[in-house]
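I have placed the structure first, in the form of structure tokens, so that the comments after it can refer back to it.
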Amino acid sequence: MKKTVLKLVAISLVSLMVITGCSSNKTETETSADSAYKAITTEELTGNIGDDKWVVVDARDNNAFNGWALEGVKRGGHIDGAVDFAANWLNVEKEDKDAILDEALKTKGINPEKNVVLYDANGIDSKAVADYLSGKGYENIYLYDVNEWASDDTKTMVQFPGYELLVPAGAVKALLDGETPETFTAGKKVKMIEGSWGEEKESYTKGHIPGAIHINTDSIEPPPAWMLADDATLLKVMLDNGISKNDTVIVSGEAQMAAYRVAMVLRYAGVEDVRVLNGGTAAWTAAGYELETSSNAPVSITDFGGEFPGNPDMVDTISELQEHLKSDRFTLVDNRTMDEFVGKSSGYSYHDKMGRIPGAVFGFAGKTDSNSLDYFRNIDNTMRNADEILAMWQNQGIDLKNHLAFMCGSGWRAAEVLYYANVAGLEDVSLYSDGWIGWSNAGLPSETGEVVK
Amino acid sequence: MKKILYFVALMSEISLVATMFILESFAEKKAGVNHHVLARRHQWETTVFSPGNKDVISFVLSFIFAGFLALLVYSFIKRANSKEGLRFRQIQLIIGMLAAAFALMSQHMIFFFDMKTTPYITFSAMVILGIQTIVIALSGKSTKEGKNLK
């Protein structure tokens with residue numbers, strides 16, 4: 001009897017130990033139950049932010065980092081001092097993917113010598129990035145649930161000032177489902193536009209956001225020069241496509257630059273609320289949503305509903321640019337490749353003149369050709385970290401307090417860059433739309449060669 | 001050796017014609033090709049193919065066409081010993097005339113104006129015309145040598 005009782009007590013004790021051992025209550029530096037990575041408390045994280053031996057990494061979707069409150073977090077944005085390395089970047093199929101990701105790690109100061117804190121809101125993203133880093137030899141990896149931080153109002157969550165200009169696929173889906181995501185107005189219909197070059201059969205019918213109408217970029221910048229059309233033509237485009245001043249519009253497209261170009265023109269026209277799908281239609285399909293292939297006909301209107309153009313200062317003409325360049329409170333930011341900037345290449349097979357506008361400052365674009373914007377996009381074509389963009393410009397000696405006018409060859413790259421500048425919080429900006437092609441075709445002065453500092 | 005040259009000439013001309021079809025098709029579908037083709041078209045229409053130059057080009061093409069036609073008629077009228085050689089020359093003359101005619105039509109017919117690659121078509125036709133001129137000259141020399149040996 002005694003032996004039986006003793007056995008029962010022993011079994012109970014062992015069972016109790018096993019149960020408490022498997023408990024989900026984490027204690028300090030306890031290894032996560034389902035991984036080899038360490039957990040970190042909010043207090044520890046708070047104490048280590050700013051320490052050079054630590055780097056805090058947001059593993060969530062780019063839109064969450066920018067400011068959107070996704071996946072149920074109480075407040076949107078990122079932990080103050082955190083950098084971004086989204087888990088979905090690991091799933092992108094792209095040439096030189098490994099090199100691109102390695103460069104991102106380097107740029108963001110994520111290296112094996114540091115203690116790396118990865119955070120997310122779903123328990124999946126940070127684990128994915130942790131596995132990736134672990135495979136690269138990282139050993140000091142900590143995982144953190146950002147819900148704890150976001151729900152504590154004493155902790156700072158940083159939202160980029162213009163984050164709402166770039167819309168996540170989930171928010172677009174919510175709108176299509178009749179919901180009202182954050183930053184949108186309840187009851188107000190949002191118009192979807194697919195902006196791309198060519199007739200519908202070129203890109204639009206291959207797939208677009210459901211309900212979107214098509215705007216051919218040739219209608220806003222007609223051949224053979226592809227310079228911005230005159231105001232009368234642009235007004236007709238607005239009316240023919242049923243776009244009025246008071247509309248909220250989301251522009252998307254397979255080729256993002258085209259979407260940004262159309263979006264810029266809508267803002268110039270005076271449409272009050274013009275946003276772009278962050279990452280283009282690829283972001284839509286990556287989120288698991290279906291594209292629509294059927295055509296949606298626009299319903300034309302007769303009254304734009306306001307002065308046209310409503311924002312003339314958004315776009316600089318050549319003559320306006322010539323005046324602005326005389327001011328030391330104005331900076332012309334040249335968003336072309338370095339080869340285009342120094343005059344080794346025009347960037348366009350149909351344009352022979354090479355060089356730059358005197359006074360322009362190199363503001364980066366892509367690394368390869370006039371269709372690329374590597375310095376401004378993540379591997380999934382979402383917007384690069386706004387802090388990194390601003391730092392890049394400041395390293396070029398660009399005074400961010402100046403009025404910045406963005407230019408490129410003919411206004412596409414610069415349109416996208418201008419949007420990113422707005423997201424970053426720069427409001428005193430404009431687009432020199434005609435770009436290098438317009439300037440050089442007008443026979444105006446130019447310069448070539450490296451810039452002597 | 002001449003047969004090799006003739007073969008190369010034929011392949012070059014076929015490639016040029018095929019390229020024009022492909023270029024026209026791509027100019028409808030690809031923004032980059034479209035921009036390049038239309039921009040160059042605009043540039044050439046204000047320079048090489050300006051209204052004044054077009055008249056000169058048309059005159060020269062018409063002259064060449066007429067010259068080839070005259071040679072063709074002459075080849076039918078005059079009997080030659082080597083019918084094989086003559087037939088080849090006649091074919092080359094007809095191709096030359098077609099090239100000249102295409103070059104002329106591309107500058108004057110609405111059908112061609114509606115195409116994006118019109119100046120490219122004109123250039124290609126003129127290149128083919130140039131190749132044909134060389135081929136015809138060589139074949140004319142062969143025919144004379146053939147006669148002299150007999």
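The model shown is predicted, which means the values in this text are computed figures rather than measured ones. Throughout, protein chains are lettered first and strands after them, A, B, ... in sequence-line order, and every chain is numbered starting at 1.
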*With chain A as the partner chain, list the residues of residues 23-34 of chain B whose heavy atoms fall under 4.5 Å from it, by residue number, and write 'none' if nothing qualifies.*
B:Ala27, B:Glu28, B:Lys29, B:Lys30, B:Ala31, B:Asn34
*Check the surroundings of atom CD in A:Glu447: do more than 12 heavy atoms from other residues, nucleotides or ligands lie under 6.0 Å from it?*
yes
*asked:* Can you confirm whether more than 12 heavy atoms, excluding those of B:His42, are under 6.0 Å from its NE2 atom?
replied: no
*Does anything in residues 224-235 of chain A get under 4.5 Å of chain B by heavy atoms, and if so which residues?*
A:Pro224, A:Trp226
*Answer yes or no: does atom NZ of A:Lys344 have more than 12 heavy-atom neighbours from other residues, nucleotides or ligands under 6.0 Å?*
no
*To the nearest 0.5 Å, what is the distance between NE2 (A:His351) and CZ (B:Arg40)?*
9.5 Å
*Which value, rounded to the nearest 0.5 Å, describes the distance between B:His35 atom NE2 and A:Asp218 atom CG?*
6.0 Å
*Looking only at heavy atoms, which of residues 102-118 of chain B get nearer than 4.5 Å to chain A?*
none
*Could you list which of residues 121-130 of chain B have a heavy atom closer than 4.5 Å to any heavy atom of chain A, in residue-number order?*
none
*Around A:Lys236, counting heavy atoms of other residues, nucleotides and ligands shown, do more than 12 lie under 6.0 Å from its NZ?*
no
*Taking every heavy-atom pair that is under 4.5 Å apart, which of A:Ser203, A:Ser349, A:Ser370, A:Pro223 has the most such pairs with chain B?*
A:Ser349
